[in-house]
Amino acid sequence: MADTSLMDKLVSLCKRRGFVFQSSEIYGGLGSVWDYGPLGVELKKNVKDRWWNAMVHARDDIEGLDAAILMHPKVWEASGHVAGFTDPLVDCRQCKNRFRADDPKIKGTPGQPDAQCPVCGTRGSLTEPRMFNLMFRTFMGPVEDSAAVVYLRPETAQGIYVNYLNVLQSSRQRIPFGIAQIGKAFRNEITPGNFIFRTREFEQMEMQFFVEPGTDAEWFERWREWRMSWHHSLGLTPAKLQWHQHAGSELAHYAKAAFDVQYQFPFGWQEIEGIHNRGDFDLGRHQEYSGKKLEYFDQAQNRRYLPYIVETSAGADRVTLTLLVDAYREEEVEGETRVVLGLHPAVAPIKTGVFPLVKKDGMPELATTLYQDLRKQFSCFYDDSGAIGRRYRRMDEAGTPFGVTVDGESTANQTVTVRHRDSMQQDRVAIAQVPSYLSERLSALR
Ligand code: GAP
């Protein structure tokens, strides 16, 4: 059974500590739209930086891109989204609610007299299923007619395909090579939910790898391996990660083959990243719809071909949620419950807290000097309010791996204690050594 209480506790911690807030909360919130607070924005940024580093900075064969959200509307005809990015929906004529046709709460067959609305309970009020497009539409310019329709992109991938020749030529890459992009995507999901798992506005971290036809299956396997290692490198529990292969009926319209990286959430095994062999579907369609040649000229082989694409597509919000779920734990310590986010230090929003034990006897001055020194290297948090135990607990809930305390001995012998979040063990360290002590431990865990 789903452990919904864990999700409830996590949502509450995220609000309490400033990770995630409901959007427009003072107006009652907006369905399945969330805002990242001071700690959340750092955590998600660390996820994105880590992805960017692994994909772009650490490799010679991948270039970065930041394409616009709004694109020519023909892009979405070519991509298949106008015709095919749809879900079957039914309406209740009585209460005007709308449901997915396969909603398990519907009793009977929609469109038939026996079908019962799951909200108002009326029989025979549900319409036949109609296909509903998940793309958000808006108008460009002052006239709101069909010629002015543009879409908020439902995936970042298309910005890469339409720029593939620009990047290829300007970067002087050769196939095989990739283009990576992080950016917002929008889907008018019918059944969003589970906190930031499925939302209508989200961020994707997508990479499209362009390869010679015939080598795609091999690259697909390589990318599967690299992407799973990346998830492991975030410190996620290995037993809670698995592969899910898409059967023929599950495959998206563009995919020859697809595997999902799934995580075992309290609400079941769910996708956090998709690896897709998209063949030449995308470049073929853009070549057809734009009328522009998108072939690659392979000088070594003296031949032209349309590259095949292997895509890796992860959700920045989903990976952030995965880290939070995986890190959350409660422990009994001296008769009290300690809530800890055991985040991997590399993604933790704050690397160390700095605390004067009391606000007198030179401790605040020493702690402030140390804090100013440490913050040049790491994200730090200075806290001098309340009992030291409470300050430690606040940092445990924020996932901060270290806490440096200036105490009565510090002014006398120039040492401080460094507390480790997970073991709660404290080491006595010379003040001059604290930056190297922390940086050694943080970089060992990169
Ligand atoms: N370009 C391929 C593509 O978009 P997808 O499987 O539809 O493939 C890829 O999406 C990833 O984007 C998912 O694995 C998930 O992490 C994230 N994602 C998709 N829809 C989402 C939503 N409504 N809310 C949050 N993340 C979403």
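Read the numbers this way: they start at 1 and go in the same order the structure lists the ligands and their atoms. Worth saying up front: this structure is predicted, and the values here are computed from it rather than measured.
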Open item on the list: Checking a contact table here: which protein heavy atom is nearest atom 6 (O) of ligand 1, and how many Å away?
Closed with: Glu271 OE2, 3.0 Å
TODO: Just jot down the ligand 1 atoms closer than 4.0 angstrom to any heavy atom of Glu206, in number order.
DONE: 1 (N), 2 (C), 3 (C), 4 (O)
Open item on the list: Below 4.0 Å, non-hydrogen atoms only: which portion of Ile272 touches ligand 1? Side chain, backbone, both or neither.
Closed with: backbone
TODO: With atom 3 (C) of ligand 1 as the reference point, say which of Gly274, Ser313, Ala316, Ser32 has the nearest heavy atom.
DONE: Ser313
TODO: Around atom 18 (N) of ligand 1, find the nearest protein heavy atom and jot down its residue, atom name and distance.
DONE: Phe202 CE1, 3.6 Å
- [ ] Determine the sole option in Leu39, Leu324, Leu43 for which the side chain to side chain contact (heavy atoms under 4.5 Å, CB included) test with Cys14 is passed.
- [x] Leu324
Open item on the list: Are His420 and Phe402, when compared by the centres of their aromatic rings, separated by less than 6.0 Å?
Closed with: yes
Task: Test item, Glu201 contacting ligand 1 (heavy atom, 4.0 angstrom) - done: no
- [ ] For residues Tyr164 and Phe210, establish whether the separation of their ring centroids is below 6.0 Å.
- [x] yes
- [ ] Around atom 17 (C) of ligand 1, find the nearest protein heavy atom and jot down its residue, atom name and distance.
- [x] Gly315 CA, 3.8 Å
Open item on the list: Quick test: of every protein heavy atom, which one is nearest to atom 19 (C) of ligand 1, and how far off is it to 0.1 Å?
Closed with: Arg187 NH1, 3.5 Å
Task: Side-chain donor-acceptor pair present, Asp317, Tyr36, cut-off under 3.5 Å - done: yes
Open item on the list: Would you compute the distance between atom CZ of Arg17 and atom CD1 of Ile350 and round it to the nearest 0.5 angstrom?
Closed with: 10.0 Å
Task: Close side-chain approach of Tyr161 and Val75, heavy atoms under 4.5 Å - done: no
TODO: Do me a favour and list the nearest non-hydrogen protein atom to atom 10 (O) of ligand 1 with residue, atom name and distance?
DONE: Gln204 NE2, 3.5 Å
Task: Nearest protein heavy atom with distance in Å, relative to atom 15 (C) of ligand 1 - done: Arg318 NH1, 3.4 Å
Open item on the list: Applying salt bridge (Lys or Arg N to Asp or Glu O under 4.0 Å) to Arg224 and Glu221, what does each step give before you reach the verdict?
Closed with: CA-CA 5 Å; Arg224 278 205 321 126; Glu221 285 311 313; 3.2 Å; yes
- [ ] Please check if any side-chain donor atom of Glu250 sits under 3.5 Å from a side-chain acceptor atom of His244, or the reverse.
- [x] yes
- [ ] Please report which non-hydrogen protein atom sits nearest to atom 24 (N) of ligand 1, along with the residue it belongs to and the distance in Å to one decimal place.
- [x] Thr199 N, 3.0 Å
TODO: Please state which part of Arg198 comes within less than 4.0 Å of ligand 1, counting heavy atoms only: side chain, backbone, both or neither.
DONE: both
Open item on the list: Within the 4.0 Å heavy-atom shell around Glu311, which atoms of ligand 1 are there?
Closed with: 1 (N), 2 (C)
Task: Donor-acceptor pair between Glu332 and Thr337 side chains, under 3.5 angstrom - done: yes
TODO: Pull out every atom of ligand 1 sitting under 4.0 Å from any heavy atom of Glu273, numbered as shown with elements.
DONE: 14 (O)
Open item on the list: Assess, by modelled atom type and distance only, whether the side chains of Glu206 and Gln181 contain a donor and an acceptor separated by less than 3.5 Å.
Closed with: no
Open item on the list: Measuring from non-hydrogen atoms of Arg200 to any atom of ligand 1, is the shortest distance under 4.0 Å?
Closed with: no
TODO: Provide, to 0.1 Å, the distance between atom 25 (C) of ligand 1 and the closest protein heavy atom, together with that atom's residue and name.
DONE: Phe197 O, 3.1 Å
Task: Proximity flag Tyr254 to ligand 1, non-hydrogen atoms under 4.0 Å - done: yes
- [ ] Could you tell me whether Arg153 sits above the aromatic face of Phe186, with NZ or CZ closer than 6.0 angstrom to the six-membered ring centre and within 45 degrees of the axis?
- [x] no
Task: Nearest-option assignment for atom 8 (O) of ligand 1, heavy atoms, candidates Arg278, Glu155, His276, Glu189 - done: His276
